[in-house]
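Contents: one structure, followed by commentary.
Just follow the structure's listing: the first ligand is 1, and inside any ligand the first atom is 1. The figures here come from the full heavy-atom set of this structure, side chains too, leaving out hydrogens, waters and symmetry mates.
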Amino acid sequence: MAHLLIVEDDELLRDGLSAQLMQAGHRIDTAVDGEQALSRLDTEAYEGVVLDLGLPRVDGLTVLRRLRQRLPALPVLILTARDGIEDRVEGLNAGADDYLTKPFNRDELLARLQSMLRRASLPAFGPSPQVPPPPAPGTLRLDPVLPRAWLGNEVIDLTQREWSLLDLLVRHSGQVVSREDVLAVWQSDPGETGVTSNALEVYVHRLRRKLAGSTLNIRNIRGLGYLLENTGAP
Ligand code: CA
């Protein structure tokens, strides 16, 4: 059994696939458009994805490219329309592992999917890197490329300034970061118009609230700046 994501905007097809794959013993999540798919992929660890290419909001190829940046080895089977040969080639180039052309035979989908999952779990390829063990609740992870931060499996909703502040504190974890250092980093952010030292307090306060429930605490070191410390307990 695998934890799978089905991304398909056609409700009948989506429900049919879900039912079939659940019956085959898999755990299924679904997304109805590309945007929802990306947000699911951000918050859940999947072992495989069935991805329709023609999707509203964010198209399937864009979803595929974005997920490949972060999850290079996650098995992805794409679904394309019969006349979408270019899409199919582009999809494979963008990193799909396999494809099926609509309309397809359900049994064939199941067979292809099983073989794709089997290939991904072959010991020759090592433990599949796309399925890290679920992080302990409260563990902070930062992805500077996206940029995005997670506490456990939950995405932390951060503004650009909060992100820069957190990134700076994490990079200097255990050391005091001066107010001047933070303001200097903010001033180098694109589109930044300048922040006062007083506003900094507000951002630190907000960030502290967003880190509540983690083992991390931002300490005020009077006269010096801020210190990110790991208290070991939430
Ligand atoms: Ca579609």
Can you give me the OD1-the Ca ion (ligand 1)-O angle for Asp9 and Gly54, to 10°?
90°

Which of the N/O/S atoms in Asp52 sits closest to the Ca ion (ligand 1)?
OD2

Kindly check if the number of other-residue, nucleotide or ligand heavy atoms within 6.0 Å of CG (Asn105) is above 12?
yes

Evaluation steps, side chain to side chain contact (heavy atoms under 4.5 Å, CB included), between Ile28 and Ile6
CA-CA 7 Å; Ile28 304 299; Ile6 298 175; 3.7 Å; yes

Kindly confirm whether the Ca ion (ligand 1) is within less than 3.0 Å of some N/O/S atom in Asp10?
no

Give me the ring orientation class for His3 and Tyr46: parallel if the planes are under 30° apart, tilted from 30 to 60°, perpendicular past 60°.
tilted

For Arg70 and Leu41, indicate whether the former's side chain and the latter's backbone hold a donor-acceptor pair under 3.5 Å.
yes

